[in-house]
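Lettering follows sequence order; numbering is per chain, from 1.
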2 protein chains.
Amino acid sequence: MPYDPSAFPAFAVTVDLVVLTVRRHSLCALAVRRGEPPFKGRWALPGGFVRADEDLAAAAARELAEETGLLAQDPTLPVPPNAAHLEQLATYGDPKRDPRMRVVSVAHLALAPDLPAPRAGGDAHSVRWAPVESLLDQDGAFGRDSDLAAPLAFDHARILADGVERARSKIEYSSLATAFCPQEFTVGELRRVYEAVWGVALDPRNFHRKVTGTPGFLVPTGGTTTRQGGRPAQLFRAGGATLLNPPMLRPEV
Amino acid sequence: MPYDPSAFPAFAVTVDLVVLTVRRHSLCALAVRRGEPPFKGRWALPGGFVRADEDLAAAAARELAEETGLLAQDPTLPVPPNAAHLEQLATYGDPKRDPRMRVVSVAHLALAPDLPAPRAGGDAHSVRWAPVESLLDQDGAFGRDSDLAAPLAFDHARILADGVERARSKIEYSSLATAFCPQEFTVGELRRVYEAVWGVALDPRNFHRKVTGTPGFLVPTGGTTTRQGGRPAQLFRAGGATLLNPPMLRPEV
DNA sequence: GATCATAGTCGTCTGCCTGACGATAATCAG
DNA sequence: CTGATTATCGTCAGGCAGACGACTATGATC
């Protein structure tokens, strides 16, 4: 294990972000259009270089804020209205993943509520929310006329797929699905998050029983809302519980 | 997102290994003694630089083979007798984690059966299996006379703790516990793996019912053994199933 | 060889949780 | 007022897990 500082290969280190949200009953990811080669004009995940004196999580939080205006959640602070969950996903370092040089990318996963306003910064033509199926669909089933038909740049399709799978499995045994909801939400809204992330339909009655019967998962705020139509629904906030036991298993195929 | 190859900070990238095994009913990790500063003489996780044209997984497999003679499992090949499970764990990149320079370490988790022979290569004084509790015990409860009393070098205690937690949670919902067993093993041996990893006692009858009743988890080889004493036990191999559904939840506290 | 300790294997019972689904409640659109 | 929509409560059967009794097959000990 030689440790001569001049005797190691130099790498570039980046962070790439899988930013997920639920809009219109569909799981969407943030994509940016590349303005330079390689893959110029293609869609890619947001990301950028880690600075020389910057922690990986800090770099991911900075990129997230630059692209979306969202703040990474700090457990020691009260939750601001534009907080997103941020966690490290995995690291991708295939020597050929970037044709120009050796780049190791530490991918992060961010889960955000549906943003009412377009993102701060960046122009609307080069950054957008897109349903994950269309981003992952390499065969162009979403139509040749769509500029989303081309696969994502670099190995970003793989990174996105890994991030989606992480989100899908993690909401099974944690309360992470609330990260997709605004601060106050109804049981039905939370159920639609599960349905969008898993791509299945859930029984509203059993779901209601499960989430309201799990101690610490939801705390009622006392208010009600009819924003979904129909009978007014109770509003809840996320409770302190982070681990669901027993988990809510997604339905079999 | 500027991409000028000369305009990015240079990082060193290493892989560190959390190699776990079960010996004498106790979860143990591989530790190496550092021969040079910083942290000279302290115990650390095995690891080393990623080579200029080497994939991260390949670097981890190489280090694993160098330290233990174990081969990383390749799903496309028949399982050799000295195969170990290897997966990426997480990446650690605090700017101050190495006092000499900026080093980003991609930690990997390896699960291996108890090795009957000492490791090939390396001398016995600088590499050893140690119970994870003693490695993680920073307060020296294992005695000042033990050279294990000092905490692990760098942020390796944190990495080890993350690896142990990954292993603990992953054997809940996967068949990964078989990676700690030899190719053929009994239900009782598998149960002792769970008990060692979780640090709890499990009911032998319920455990037997669960693992033999889960399709694809275990396949009987037809043989029996009495190496544990008592009534001869059936021998099994790991089946094709990798996901346990429903999972085997570890008992509450 | 009888006895004992040890480990493995098969059953039983009870309670909890889930999936399926009926029924009722409270709103809005016509 | 009627119907559509969503929320919420209840019921029931099946599956699974925890607790634990019973029996089996070996080696060790007397």
(request) Output yes when B/E165 and B/R250 qualify as a salt bridge under the 4.0 Å nitrogen-oxygen rule, no when they do not. (result) yes
(request) Step by step, work out the ring pair (Phe, Tyr, Trp, His ring centres under 6.0 Å) result for B/Y194 and B/F207. (result) CA-CA 10 Å; B/Y194 275 89; B/F207 183 86; 5.5 Å; yes
(request) Rounded to the nearest angstrom, tell me the gap between atom CZ in B/F207 and atom P in D/dA17. (result) 12 Å
(request) Using only side-chain N and O atoms of B/R227, determine if any of them is under 4.0 Å from OP1 or OP2 of D/dG27. (result) no
(message) On DNA chain D, compare the nucleotides closest to B/G230 and A/E189; which residue's is nearer the 5' end?
(response) A/E189
(request) For A/D162 and A/Y92, test the side chains for any donor-to-acceptor distance below 3.5 angstrom and give the result as yes or no. (result) yes
(request) Taking atom types as modelled, find out whether B/Y173 and B/N245 have a side-chain donor-acceptor pair closer than 3.5 angstrom. (result) no
(request) Starting at atom CZ of A/R192, determine the distance to atom P of D/dT5, rounded to an integer number of angstrom. (result) 13 Å
(message) Could you tell me how far apart A/F236 (CZ) and D/dA7 (C1') are, to the nearest whole angstrom?
(response) 10 Å
(message) Measure OH/B/Y173 against P/D/dC16 and give the value in whole Å, please.
(response) 21 Å
Strictly under 3.5 Å: I want the nitrogen or oxygen pairs between protein and nucleotides 10-17 of chain C, one per line.
unit_1 : atom_1 : unit_2 : atom_2 : d
C/dT12 : O4     : B/R209 : NH1    : 3.4

(request) Return yes if the base of D/dA7 and the side-chain atoms of A/R231 contain a donor-acceptor N/O pair under 3.5 Å, otherwise no. (result) yes
(request) Measure from CG on B/L249 to P on D/dG15 and round the result to the nearest Å. (result) 19 Å
(request) Check the distance between D/dG27's C1' and B/Q228's CD and give it to me in whole angstrom. (result) 14 Å
(request) Assess A/R128 against A/W43: is NZ or CZ under 6.0 Å from the centre of the six-membered ring, and within 45 degrees of the ring's axis? (result) yes
(message) In the structure I gave you, are the side-chain heavy atoms of A/V197 and A/I171 within less than 4.5 Å of one another anywhere?
(response) yes
(request) Report the distance from atom CG of B/L218 to atom C1' of C/dG8, rounded to the nearest whole Å. (result) 14 Å
